Amino acid sequence: MDGVGGPIVEAEAYAPDDPASHAFRGMTARNAAMFGPAGRLYVYRSYGIHWCVNVVCGPPGVGAAVLVRSLEPVHGIETMRSRRGRDPLATGPGNVGQALGATSAQNGEPAVLHPPDRIRRVETSARIGITKGVERPWRFFDPDSGAVSRPISSAARGSRRTHA
DNA sequence: GTATTGATCTTCT
DNA sequence: GAAGATCAATACA
């Protein structure tokens, strides 16, 4: 989309039998794209103000996808900057959606993916921002990249839910 | 520096 | 009517 993008350095996996997944309770009008063929985009509105971008990765009818949490700004940096107006250009799901200019118009569209620019180290950790299925360590990120929202799961901002 | 709340809206129960 | 895969600004220590 618009030539903006960059290497994905943080992502989370969501499976059909995953209580945290939008596809957990079956197909609905919103998550229909998750049940489409692999390589499509699934874009949804988060908390009413953010657009989160997923890449469908399962066979049609399954309902599996990967949430793009952050990427390194490489292409179309100026465009991202004008769209964001803030420093972290594409760090965090909502920010990625905004930087890419993703809206419901991109929902179900084919994703444009490229091979990695280099071999990247990959760490795993528990997923972030969810209330169910937290025990599944299905967050994948590159600890060597500065664009990752949180290098390692720690108590810094882990549960900023009301009280602890 | 750390903790907490506000903004804002679609979808599901 | 409530929840939700969030971000950013403000309040307080």
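In what follows, chains are A, B, ... by sequence order, proteins preceding strands, each numbered from 1. In this text, all values refer to a predicted model and were calculated from it rather than measured experimentally.
Rounded to whole angstrom, the span from the OH atom of A/Tyr42 across to the C1' atom of B/dT10 amounts to 10 Å. Taking atom CZ on A/Phe24 and atom C1' on C/dA5, their separation rounds to 15 Å, with Å as the unit. Atom CD1 in A/Ile49 sits about 12 Å away from atom C1' in B/dT5, given to the nearest Å. Remark: P of B/dT10 and NE2 of A/His50 are 15 Å apart, rounded to the nearest angstrom. A/Arg30 places its CZ atom 15 Å from the P atom of C/dA3, with the value rounded to the nearest Å. Going from atom NE2 of A/His22 over to atom C1' of C/dG4 covers 7 Å, rounded to whole Å. Rounded to an integer number of Å, the gap from CE of A/Met34 to C1' of C/dG4 is 14 Å. Rounded to an integer number of Å, the gap from CG of A/Asn54 to P of C/dG4 is 17 Å.
The P atoms of C/dA3 and B/dT5 are separated by 15 Å, rounded to the nearest whole Å.
Hydrophobic clustering of Ile, Leu, Val, Met, Phe, Trp and Tyr side chains at less than 4.5 Å, counting indirect connections, keeps A/Val74 apart from A/Leu89.
The side chain of A/Arg84 lies closest to C/dA8, out of C/dA8, C/dA5, C/dT6. For A/Asn95, whose side chain is taken as the heavy atoms from C-beta onward, the closest listed nucleotide among C/dA8, B/dT11, C/dA5 is C/dA8. Among the nucleotides B/dC12, B/dT10, C/dA5, the one closest to any side-chain atom of A/Thr28 is B/dC12. Checking B/dC9, C/dC7, C/dA5 against the side-chain heavy atoms of A/Pro93 singles out C/dC7 as nearest.
Remark: the backbone N or O of A/Ala126 is not paired with any side-chain donor or acceptor of A/Arg139 at under 3.5 angstrom. In this structure, the side chain of A/Arg127 engages the main chain of A/Ala13 through a donor-acceptor pair within 3.5 Å.
Partners of A/His22 under the side chain to side chain contact (heavy atoms under 4.5 Å, CB included) rule, at least two apart in sequence or in another chain, are A/Arg30, A/Asn31, A/Met34, A/Tyr42, A/Tyr44. The side chain to side chain contact (heavy atoms under 4.5 Å, CB included) check on A/Thr79 picks up A/Val4, A/Arg83, with sequence neighbours excluded.
Among the atoms of the strands shown, none is found under 4.0 Å from any heavy atom of A/Arg127. In this structure, A/Gly94 reaches the sugar-phosphate backbone alone: every heavy-atom distance under 4.0 Å involves primed, P, OP1 or OP2 atoms, never a base.
With centres under 5.5 Å and a plane angle under 30° as the test, the ring of A/Tyr44 is not stacked against the base of C/dA5. Residue ring and nucleobase are not stacked for A/Tyr47 and B/dA7 under a centre distance beneath 5.5 angstrom and an angle between planes beneath 30°.
Counting only heavy atoms from C-beta outward, the side chains of A/Phe141 and A/Glu123 approach each other to under 4.5 Å.
Distances shorter than 4.0 Å separate some side-chain N or O of A/Lys132 from OP1 or OP2 on C/dG4.
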Revision key, fill the gap. Intra- and inter-strand pairing of DNA chain C, written as dot-bracket with Watson-Crick and G-U pairs under 3.5 Å and | for the latter, reads ||||.|||||||.
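Between the CZ atom of A/Arg121 and the CZ atom of A/Arg118 there is a distance of 10.0 Å, given to the nearest 0.5 Å.
For the side chain to side chain contact (heavy atoms under 4.5 Å, CB included) test with A/Trp51, the passing option among A/Val96, A/Thr103, A/Asn95, A/Asn107 is A/Thr103; the others fail.
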